[in-house]
Amino acid sequence: KGKCKIVSKKFKLALATLLIAALLISQSAVAFAYTTFNNHVLNGGVGNYGYNNRYYYITSSAGGYSSLITSAMNDWIYTTSRLGITTPISFLRTYTQSSSVMDIYAGYYIPQDRGVVGYTTFWIYGTRVDPMASNWGWGKIRLNQPNYDWLSAYDKQGTAAHEMGHVMGLNENNSNPGSVMCQLAYGRYVNSAQADDCNGINYLY
């Protein structure tokens, strides 16, 4: 009888431990449904919604995609009515490249068989930096036309939005195809910033 009580107590303790662990994992999944570059950020932030702006610049090489790029950025900015989440993101298009912290190019950068539709590099002035190791001052987005041009307009916009998220500090989120920070190859089915993406921005800034 005494042994049965001991086993019962141990079982209850183990069960309680498992339940607590499951709860913590569940809460963690909800709270951190985004990924970052080791919490590194864009120096100077992403704006101050309604007060201060940051700027993006569409180079002549990407001019043919201007409307898609603008729509992608607008979906990052105007999330309050669409998603019920407000972020500090406040970007405007500039025609003066020197004032931009997000430059967008298009070209034939990587062979088609590599499957790359776009990529972002991170810079402080003229020096390229590793976003996992430090903050950055601006980002250069390259839309890789050998693959980008084969996408639907929907996915072209989604790819632009995805790369913008990188400049603002979000890393790939390939476990969640309902996040714009998921890569197309992992099943992304959205083309605009979603709640998890906005929560990531609010966490960083």
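Keep in mind that the numbers below use all heavy atoms, side chains included, and drop hydrogens, waters and symmetry copies. None of the values given here were measured: they were computed from a predicted structure. Nothing fancy with the numbering, it's 1 onward along the sequence.
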If hydrophobic clusters are built from ILVMFWY residues whose side chains come within less than 4.5 Å, do [X] and [Y] share one?
X	Y	result
Ile141	Leu151	yes
Trp123	Val101	yes
Tyr119	Tyr56	no
Leu184	Val190	yes
Leu42	Tyr203	yes

Shortest non-hydrogen contact between [X] and [Y], atoms and distance:
X	Y	answer
Asn43	Asn135	OD1-CB, 3.2 Å
Leu204	Met168	CD1-O, 4.0 Å
Val180	Ala193	CG1-CA, 3.9 Å
Thr87	Cys198	CG2-CB, 3.7 Å
Ala160	Ile69	CB-CG1, 4.4 Å

Step by step, work out the side-chain hydrogen bond (donor to acceptor under 3.5 Å, both in side chains) result for Asp197 and Ser179. CA-CA 6 Å; Asp197 309 310; Ser179 161; 2.5 Å; yes
Check step by step if side-chain contact (heavy atoms from CB on, under 4.5 Å) holds for Asp75 and Gln157. CA-CA 10 Å; Asp75 281 340; Gln157 180 173 321; 3.2 Å; yes
Can you find a heavy atom in the side chain of [X] that is under 4.5 Å from one in the side chain of [Y]?
X	Y	answer
Gln145	Asn147	no
Asn176	Asp196	yes
Tyr65	Asp149	yes
Ile201	Leu170	yes
Ile104	Tyr57	no
Asn202	Pro88	yes
Arg142	Thr120	no
Arg93	Met73	no

For side-chain contact (heavy atoms from CB on, under 4.5 Å), just list the numbers for Tyr49 and Tyr78, CA-CA rounded to whole Å, side-chain angles, deciding distance to a tenth of an Å, and then say yes or no. CA-CA 10 Å; Tyr49 192 80; Tyr78 303 112; 3.8 Å; yes
Name each donor-acceptor pair under 3.5 Å that joins a side chain in residues 107-117 to protein atoms two or more places apart or in another chain, with its distance.
| unit_1 | atom_1 | unit_2 | atom_2 | d |
| --- | --- | --- | --- | --- |
| Tyr109 | OH | Ala106 | O | 3.3 |
| Gln112 | NE2 | Pro146 | O | 3.0 |

Is it true that the side chains of [X] and [Y] contain a donor and an acceptor less than 3.5 Å apart?
X	Y	result
Thr94	Ser100	no
Thr96	Ser98	no
Asn173	Thr35	no

Who pairs with His40 by side chain to side chain donor-acceptor pair (under 3.5 Å), at least two apart in sequence or on another chain? none
Is the side chain of Ser152 donor-acceptor paired with the backbone N or O of Asp155 at a distance under 3.5 Å, no angle test? yes
So, taking the atom named [atom1] in [X] and the one named [atom2] in [Y], what distance separates them when rounded to the nearest 0.5 Å?
X	Y	atom1	atom2	result
Asn74	Ile89	CG	CD1	11.5 Å
His162	His166	NE2	NE2	3.0 Å
Ile58	Asp103	CD1	CG	10.5 Å
Glu163	Asn144	CD	CG	10.5 Å
Lys156	Ser67	NZ	OG	10.5 Å
Gln183	Arg188	CD	CZ	8.5 Å

Tyr186: which other cluster members, linking ILVMFWY side chains closer than 4.5 Å, directly or transitively? none
Hey, can you tell me if Phe122 and Phe37 have their rings parallel, tilted or perpendicular (30° and 60° cut-offs)? perpendicular
Before you tell me yes or no, could you show the steps for Met181 and Tyr34 under side-chain contact (heavy atoms from CB on, under 4.5 Å), namely the whole-Å CA-CA distance, both residues' side-chain angles and the distance that decides it to 0.1 Å? CA-CA 8 Å; Met181 296 313 299; Tyr34 48 82; over 6 Å; no
Between Tyr55 and Met102, does the side-chain contact (heavy atoms from CB on, under 4.5 Å) criterion hold? Intermediate values first, please. CA-CA 7 Å; Tyr55 296 94; Met102 183 186 296; over 6 Å; no
Under the side-chain hydrogen bond (donor to acceptor under 3.5 Å, both in side chains) criterion, do Thr36 and Asn171 qualify, and how do the steps go? CA-CA 5 Å; Thr36 71; Asn171 204 344; over 6 Å; no
Criterion side-chain hydrogen bond (donor to acceptor under 3.5 Å, both in side chains) on Ser134 and Trp136, from CA distance to verdict: CA-CA 7 Å; Ser134 72; Trp136 53 95; over 6 Å; no
Looking at Tyr105, I'd like to know if the NZ or CZ of Lys140 sits under 6.0 Å from its six-membered ring centre while staying within 45 degrees of the ring's axis. yes
